[in-house]
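Worksheet: one structure, shown below.
Computed from heavy atoms alone, side chains included, the values below leave out hydrogens, waters and symmetry copies. All chains are named by letter (A, B, ...) in the order of the sequence lines, taking the proteins before the strands, and each is independently numbered beginning at 1. This one's a predicted model, so the numbers in the text were calculated from it and none came from an experiment.
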There are 2 protein chains.
Amino acid sequence: MATIKEVAAHAGVSVATVSRVVNKNGYVSEDLRLRVTEAMHLLDYKPSALARSLRRQESLTVGVLVPGLNQPFFAALVTIIQTTLFAAGYRIIICSSEESSDDEAAYVDMLIRQRVDGAIIAPTGRSSEAITPLLSKIPVILIDRDLPNLPVNRILANNFQGGYDAMEHLLRLGHRDIALIGAQPHSASMDQRIHGARRAIADAGMAANSLRTLISERSEFDVGYAFTRDLLRRKRRPTAVFALTDVIAIGVLHAAAEVGLKLPDELSVVGFDDIPLSSYLIPSLTTVAQPINRMGEAAADLLLSRIKEGHPEPFESLLLDMKLMLRASTVHHRRGA
Amino acid sequence: MATIKEVAAHAGVSVATVSRVVNKNGYVSEDLRLRVTEAMHLLDYKPSALARSLRRQESLTVGVLVPGLNQPFFAALVTIIQTTLFAAGYRIIICSSEESSDDEAAYVDMLIRQRVDGAIIAPTGRSSEAITPLLSKIPVILIDRDLPNLPVNRILANNFQGGYDAMEHLLRLGHRDIALIGAQPHSASMDQRIHGARRAIADAGMAANSLRTLISERSEFDVGYAFTRDLLRRKRRPTAVFALTDVIAIGVLHAAAEVGLKLPDELSVVGFDDIPLSSYLIPSLTTVAQPINRMGEAAADLLLSRIKEGHPEPFESLLLDMKLMLRASTVHHRRGA
DNA sequence: TAAATTCCTGAAAACGTTTTCCCTTGAAGG
DNA sequence: CCTTCAAGGGAAAACGTTTTCAGGAATTTA
């Protein structure tokens with residue numbers, strides 16, 4: 001691969017001049033500029049980002065650390081973050097910890113060695129241990145999942161409000177016996193959703209035990225199905241289910257369909273996340289939409305501004321509203337909706 | 001951030017010695033080794049991957065270029081690739097072109113400047129133009145989507161066989177009027193699936209026009225629903241649908257449910273991909289499974305071996321079998337299956 | 001015309017590593 | 001006792017850029 005020296009030699013100028021042409025700064029005569037660009041094309045010269053980063057002491061790279069690329073929510077989030085940052089001249093190194101704190105720590109270490117200029121992190125687990133090494137070195141944005149009491153920037157969605165709205169919706173429809181189903185990983189976000197739901201129950205003047213809370217230790221895929229099948233066998237069936245994620249809700253729908261329940265009349269279901277598929281389910285799923293695009297863009301923008309200013313502070317927190325999407329799993333809907 | 005010089009000064013040795021300790025090569029006495037490691041811990045020294053890559057002329061980084069992280073298939077593929085390569089000491093830069101050839105070209109250029117040691121690419125579109133600049137410089141693995149007549153390594157799934165098996169399955173069930181539904185992006189893989197399906201028709205001794213082929217210019221999300229609703233209104237309805245992707249199939253299920261069709265008796269549906277959700281749909285979806293894990297691992301392994309050997313050749317192609325997953329959308333299944 | 005700017009260019013230092021080369025020391029072999 | 005050799009360690013070059021510094025030429029200003 002051609003280096004700046006070869007280009008300089010080929011054009012009969014110094015490397016400094018080539019550098020000036022490449023970066024469009026400093027003075028260089030039209031004559032030489034032409035000779036240099038010609039040589040660059042001829043040799044197919046591509047400046048080494050490595051060398052440039054080393055000298056400039058900035059890598060134009062940011063780390064994005066998520067608990068699982070397989071989760072549609074994070075896939076969407078990463079996509080928007082990547083698009084936004086690439087447009088601003090940054091590349092991203094994506095790390096998927098697969099909900100393992102050990103892997104998370106390993107990735108953090110790698111990002112430090114890689115000298116990334118900043119990081120956007122949706123942490124796994126409840127401890128900040130794995131990511132603290134980063135905090136003192138570069139700007140960090142916590143996204144989607146909070147870690148309390150940490151001096152750091154945050155972009156969060158209002159899970160409390162989302163949980164509240166979902167539950168309030170069910171209560172307004174007249175449901176008085178509701179099951180709440182959750183699974184692993186049981187993050188702070190999940191806690192918030194549950195708290196919101198409980199608050200809605202309390203605000204409606206109902207007893208706390210009118211909400212049955214079922215949290216599994218297993219991962220979300222099977223849980224909705226298993227719990228619901230179980231619930232539907234009892235003498236006292238709940239009339240509605242609030243699933244803490246859409247994937248769980250899909251399992252709920254499955255179990256309900258299996259015993260021939262008519263939705264939303266015999267059972268109403270609310271999910272959480274609004275993954276792309278939820279409007280295509282049968283019946284389409286009422287769910288709480290995360291403002292994914294706004295979260296991703298806000299995180300990217302906030303990180304960029306912190307990088308420009310040279311350091312993390314002042315810390316900023318953004319709490320974005322969730323939006324309840326009414327669909328056929330709780331209300332009768334228009335044809336084709 | 002502490003540099004190797006500061007560590008050396010702190011330990012009272014030369015930088016060469018520190019380097020030897022870090023990389024565990026060369027001779028260094030137990031005494032000094034101790035002093036050095038102590039200094040490293042004290043200063044929280046993390047070697048700069050930038051400087052190291054520059055000097056070693058290898059970045060230990062590979063580029064992964066996919067047409068869309070949002071597509072569950074690619075999210076899963078990237079996850080396994082990332083895990084495999086990270087374990088081998090490599091980091092990956094992920095690029096999601098969102099099916100735009102221009103973005104793809106921009107990412108390729110970035111990867112070159114970044115001096116990645118290799119790349120794994122699922123190209124968008126039918127032209128190899130965007131990625132050719134890479135081919136002459138570093139080892140490249142084409143994955144999932146083929147570009148014919150290119151001197152390059154390939155890891156592909158047998159889309160022809162998958163299409164054949166899906167269609168053969170429907171024919172065995174007695175279907176004689178079948179619709180095939182496809183959407184954008186219409187890659188070579190899609191062509192292969194269609195060819196496979198047609199071959200199955202021919203092998204069964206049936207006329208080519210017993211298969212109605214509908215390919216939309218729009219993207220997959222709405223297509224299954226729209227086409228199916230249309231099909232079901234005609235006097236002569238197909239008795240089965242072969243959807244070229246699971247996401248399309250979900251739309252088909254939706255449309256069928258809307259008019260109250262009983263599956264699989266009144267309509268049978270086969271999808272393609274076996275995304276995680278397909279077994280949780282209602283009814284669960286018969287589909288052709290891509291060997292995602294094997295593809296990802298094979299791509300990573302092949303790339304690593306080409307990198308070690310210093311250059312792309314000899315080119316290798318691996319064609320992996322697809323597997324038909326029988327579920328409730330075509331056959332009556334066991335309870336809970 | 002002298003002085004001050006502005007324009008243009010090159011030499012060389014710097015970024016943080018790895019690695020080659022060379023020098024010392026101590027021990028083993030003759 | 002001299003020679004070899006292995007172990008241990010430092011100085012300095014190299015990787016490919018950017019940027020500072022210095023200086024010359026051309027142009028403007030006084």
Side-chain angles (χ1 to χ4, degrees), chain A residues 1-37 39-40 43-61 89 91 110-117 137-138, chain B residues 1-37 39-40 43-61 89 91 110-117 137-138:
Chain A
M1 188 134 313
T3 77
I4 197 173
K5 266 185 207 162
E6 305 176 52
V7 175
H10 205 276
V13 301
S14 74
V15 297
T17 301
V18 178
S19 175
R20 282 190 268 257
V21 171
V22 169
N23 298 290
K24 305 191 207 305
N25 58 17
Y27 296 108
V28 39
S29 67
E30 198 49 33
D31 181 28
L32 287 197
R33 170 184 310 280
L34 223 64
R35 294 227 307 271
V36 169
T37 49
M40 289 188 347
L43 300 176
D44 191 26
Y45 171 64
K46 308 275 183 184
S48 158
L50 258 44
R52 173 181 304 190
S53 295
L54 178 60
R55 165 67 219 221
R56 286 233 185 113
Q57 295 289 84
E58 63 171 357
S59 61
L60 295 181
T61 301
R91 2 188 181 301
M110 181 267 278
L111 291 175
I112 293 175
R113 299 170 124 86
Q114 210 65 24
R115 298 293 190 270
V116 295
D117 294 335
K137 302 191 177 65
I138 53 170
Chain B
M1 189 131 313
T3 77
I4 198 173
K5 268 185 206 162
E6 305 175 51
V7 175
H10 206 274
V13 301
S14 74
V15 297
T17 302
V18 177
S19 175
R20 283 190 266 255
V21 170
V22 168
N23 298 290
K24 304 191 207 307
N25 58 17
Y27 296 111
V28 39
S29 68
E30 198 49 32
D31 180 26
L32 286 199
R33 172 185 308 282
L34 223 64
R35 294 228 306 271
V36 169
T37 49
M40 287 188 350
L43 299 177
D44 191 26
Y45 172 64
K46 309 275 183 185
S48 159
L50 259 43
R52 173 180 306 190
S53 297
L54 178 60
R55 167 66 219 219
R56 286 231 184 115
Q57 294 289 83
E58 64 171 354
S59 61
L60 294 182
T61 301
R91 3 189 181 303
M110 181 267 278
L111 292 175
I112 294 175
R113 300 171 124 85
Q114 210 65 26
R115 298 295 190 269
V116 295
D117 294 335
K137 302 190 176 66
I138 53 171

- Note on the structure: For B:Val22 and B:Met40 the tightest heavy-atom approach is CG2-SD, 3.7 Å
- Looking only at heavy atoms, the pair that brings A:Val28 and A:Arg33 closest together is CG1-NH2, 3.3 Å
- Please round to the nearest 0.5 Å and tell me the distance separating atom OG of A:Ser59 and atom CZ of A:Arg115. 9.5 Å
- Sugar-phosphate atoms are those with a prime plus P, OP1 and OP2; base atoms are the rest. Using that split, label each nucleotide of nucleotides 10-16 of chain C B, S or - for protein heavy atoms under 4.0 Å, 5' to 3'. BB-BBBB
- Item | Atom pair OG1 (A:Thr61) and CG (A:Leu111), whose distance is rounded to the nearest 0.5 Å | 10.0 Å
- A:Lys46 side, atom NZ; A:Met1 side, atom CE - distance, nearest 0.5 Å: 9.0 Å
- Message: Between C1' on C:dT17 and NZ on B:Lys24, what's the gap in Å once rounded to a whole number?
- Response: 17 Å
- Sequence neighbours left out, what passes salt bridge (charged side-chain N to carboxylate O under 4.0 Å, His left out) with B:Arg56? Give chain and number order. none
- Item | For B:Arg113, salt bridge (charged side-chain N to carboxylate O under 4.0 Å, His left out) partners two or more places apart | B:Asp109
- Message: Judged by each residue's nearest nucleotide on DNA chain D, which is more toward the 5′ side, B:Arg33 or A:Asn23?
- Response: B:Arg33
- Note on the structure: Rounded to the nearest 0.5 Å, the OG atom of B:Ser53 sits from the CD atom of B:Gln114 at a distance of 9.5 Å
- Task: Using a 4.0 Å heavy-atom cut-off across all strands, classify A:Ser19 as base, sugar-phosphate, or nothing.
- Result: base
- Message: I want to check one thing: is the phosphate of C:dT17, taken as OP1 and OP2, less than 4.0 Å away from some side-chain N or O of B:Ser53?
- Response: no
- Message: Please report the distance, rounded to the nearest Å, between CG in B:Leu34 and P in D:dG8.
- Response: 14 Å
- Task: Quick one: which residue pairs count as a side chain to side chain donor-acceptor pair (under 3.5 Å) with a foot in residues 4-16 of chain B, not counting sequence neighbours?
- Result: B:Ser14-B:Thr17
Which atom pairs link the protein and nucleotides 3-7 of chain C when you take only N or O atoms and keep those under 3.5 Å?
{"unit_1": "C:dC7", "atom_1": "OP2", "unit_2": "A:Tyr27", "atom_2": "OH", "d": "2.5"}

- Message: Quick check for you: to the nearest 0.5 Å, what is the distance between A:Leu50 atom CG and B:Arg55 atom CZ?
- Response: 14.0 Å
- Message: Can you give me the dot-bracket string for DNA chain C, 5' to 3', counting Watson-Crick and G-U wobble pairs with both distances under 3.5 Å, using [ ] for crossing pairs and | for partners on another strand?
- Response: ||||||||||||||||||||||||||||||
